[in-house]
Amino acid sequence: DPAAVADRGLRLAGTWEVVGTTGRWPEVVNLWEVVDGWDGWTRLARRTNLTKASNAELAGWWDEAYRHRTGGTDRLLASAPGAPDPTAEAAAGRRGEVAVHERTVVRPGAGPDYLAALLEEWAPAAAARGVHLVGAFEVLMTDVEVITTWVADLDAHTDLLRATVDGDDDVVTWAQRRREWCTAWREELMTPGPGSPFHPGT
């Protein structure tokens, strides 16, 4: 209950465990939405960092969390224009056995153009294969990274991997096209945590 713990105004958009054969393990990826925009971000930063010593509820939460956590890396994200809203996608019933966490390195400043092309060209083609985009974000405080999140059944994702290896036309076309903006990308497969928004049983 982040609102009670830290007056944070956050909404959980997703929580997943990284599949060990595809990324670092054990590792968890959480996606949070700041409910009230920049005012919420300012309050979050102040309550959880600048004045955390006086936040008794948060101190208790951290004491418990440190029993399970060894650290982490955070990114402040801004949704790309026209991108799906993860919390709305989950509320509308979008589910997946797996999710794909894709971190892409772009040429400086190329993130918005890359994401616009991805939304127009690749997201519909991937959806036709059963792999659905649920979030596309610029990473703030840098101009060389973007994040995309996709959900799918494992069979659909495996079919997409097979198509990549086999050199299917639309997959090859997108792989070549993305190099206009991207210098590197990396995906890791994740499974949704029980009770989290994209879990099939939720």
Side-chain angles (χ1 to χ4, degrees), residues 9-16 29-42 44 74-153 156-157 159-161 163-164 168-190 192 196-200 202:
L10 294 175
R11 180 181 296 123
L12 183 65
T15 187
W16 299 272
V29 175
N30 295 312
L31 180 62
W32 295 93
E33 178 185 7
V34 179
V35 176
D36 51 352
W38 289 110
D39 289 342
W41 158 247
T42 303
L44 168 67
D74 291 339
R75 290 171 174 84
L76 185 61
L77 308 177
S79 187
D85 176 343
T87 55
E89 289 287 308
R94 179 72 69 197
R95 297 291 182 270
E97 286 183 297
V98 295
V100 179
H101 181 220
E102 183 178 36
R103 291 173 286 178
T104 302
V105 180
V106 296
R107 294 193 322 272
D113 291 338
Y114 167 65
L115 290 174
L118 179 142
L119 287 162
E120 181 180 350
E121 301 173 29
W122 178 237
R129 294 176 175 271
V131 180
H132 301 278
L133 182 69
V134 295
F137 308 95
E138 286 185 72
V139 179
L140 302 182
M141 303 175 77
T142 178
D143 66 349
V144 295
E145 186 178 30
V146 301
I147 301 287
T148 54
T149 305
W150 311 74
V151 298
D153 291 334
H157 184 263
D159 286 344
L160 183 57
L161 289 177
T164 302
D168 283 15
D169 287 345
D170 61 338
V171 179
V172 170
T173 298
W174 176 248
Q176 294 170 342
R177 175 92 164 114
R178 74 189 301 171
R179 291 191 181 109
E180 295 180 26
W181 305 279
C182 305
T183 60
W185 61 272
R186 188 182 188 288
E187 294 181 350
E188 55 193 9
L189 205 59
M190 312 182 293
S196 64
F198 289 102
H199 192 281
T202 301

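All residue numbers refer to positions in the sequence shown, counting from 1.
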Using the rule given for side-chain contact (heavy atoms from CB on, under 4.5 Å), can you reason through Val151 versus Glu89, listing the C-alpha separation, both sets of side-chain angles and the distance that settles it, and then say yes or no?
CA-CA 10 Å; Val151 298; Glu89 289 287 308; over 6 Å; no
When you measure from the side chain of Arg95 to the backbone of Pro197, do you find a donor-acceptor pair of N or O atoms at a distance under 3.5 Å?
yes
How far does CZ of Arg103 sit from OG1 of Thr149, to the nearest 0.5 angstrom?
11.0 Å
Tell me, with the steps shown, if Cys182 and Tyr114 meet side-chain contact (heavy atoms from CB on, under 4.5 Å).
CA-CA 8 Å; Cys182 305; Tyr114 167 65; 3.4 Å; yes
Could you give me the CA-CA distance, side-chain angles and deciding distance for Leu10 and Val34, then say whether side-chain contact (heavy atoms from CB on, under 4.5 Å) is met?
CA-CA 5 Å; Leu10 294 175; Val34 179; 3.8 Å; yes
One pair to check against side-chain contact (heavy atoms from CB on, under 4.5 Å): Val98 and Asp153. What are the steps and the verdict?
CA-CA 6 Å; Val98 295; Asp153 291 334; over 6 Å; no
Can you tell me how far CD of Glu33 sits from CG of Leu12, rounded to the nearest 0.5 angstrom?
10.5 Å
Students often mix this up, so state it plainly: with edges at 30° and 60°, are the rings of Trp122 and Trp174 parallel, tilted or perpendicular?
parallel
So, the side chain of Asp168 versus the backbone of Asp170: is there a donor-acceptor pair under 3.5 Å, distance only?
no
Closest non-hydrogen contact found for Gly111 with Val106 is N-CG2, 3.7 Å
Shortest non-hydrogen separation from Ala152 to Gly130 and the atoms involved:
CB-O, 3.4 Å
Give, for atom CZ of Arg129 and atom CG of Leu160, the distance between the pair rounded to the nearest 0.5 Å.
6.0 Å
Distance check, rounded to the nearest 0.5 Å: Leu118 atom CG versus Asp113 atom CG?
12.5 Å
Taking every non-hydrogen atom, the tightest pair across Leu115 and Glu138
CD1-N, 3.9 Å
Keeping Thr202 on the side-chain end and Phe198 on the backbone end, is there a donor-acceptor pair under 3.5 Å?
no
Looking at Glu102 and Arg178, does any basic side-chain N land under 4.0 Å from a carboxylate oxygen?
yes
Nearest non-hydrogen partners of Trp150 and Ala126, listed with the distance
CZ3-CB, 3.8 Å
Pick from Leu31, Thr148, Leu76: which one makes a side-chain contact (heavy atoms from CB on, under 4.5 Å) with Phe137?
Leu31
Could you report the tightest heavy-atom contact between Ala78 and Leu140, atom names first, then the distance?
CB-CD2, 3.8 Å
Quick check for you: to the nearest 0.5 Å, what is the distance between Arg75 atom CZ and Glu145 atom CD?
4.0 Å
At what distance, to the nearest 0.5 angstrom, does CG of Asp159 lie from OG1 of Thr164?
10.5 Å
Nearest heavy-atom approach of Pro84 to Leu133 is CG-O, 3.4 Å
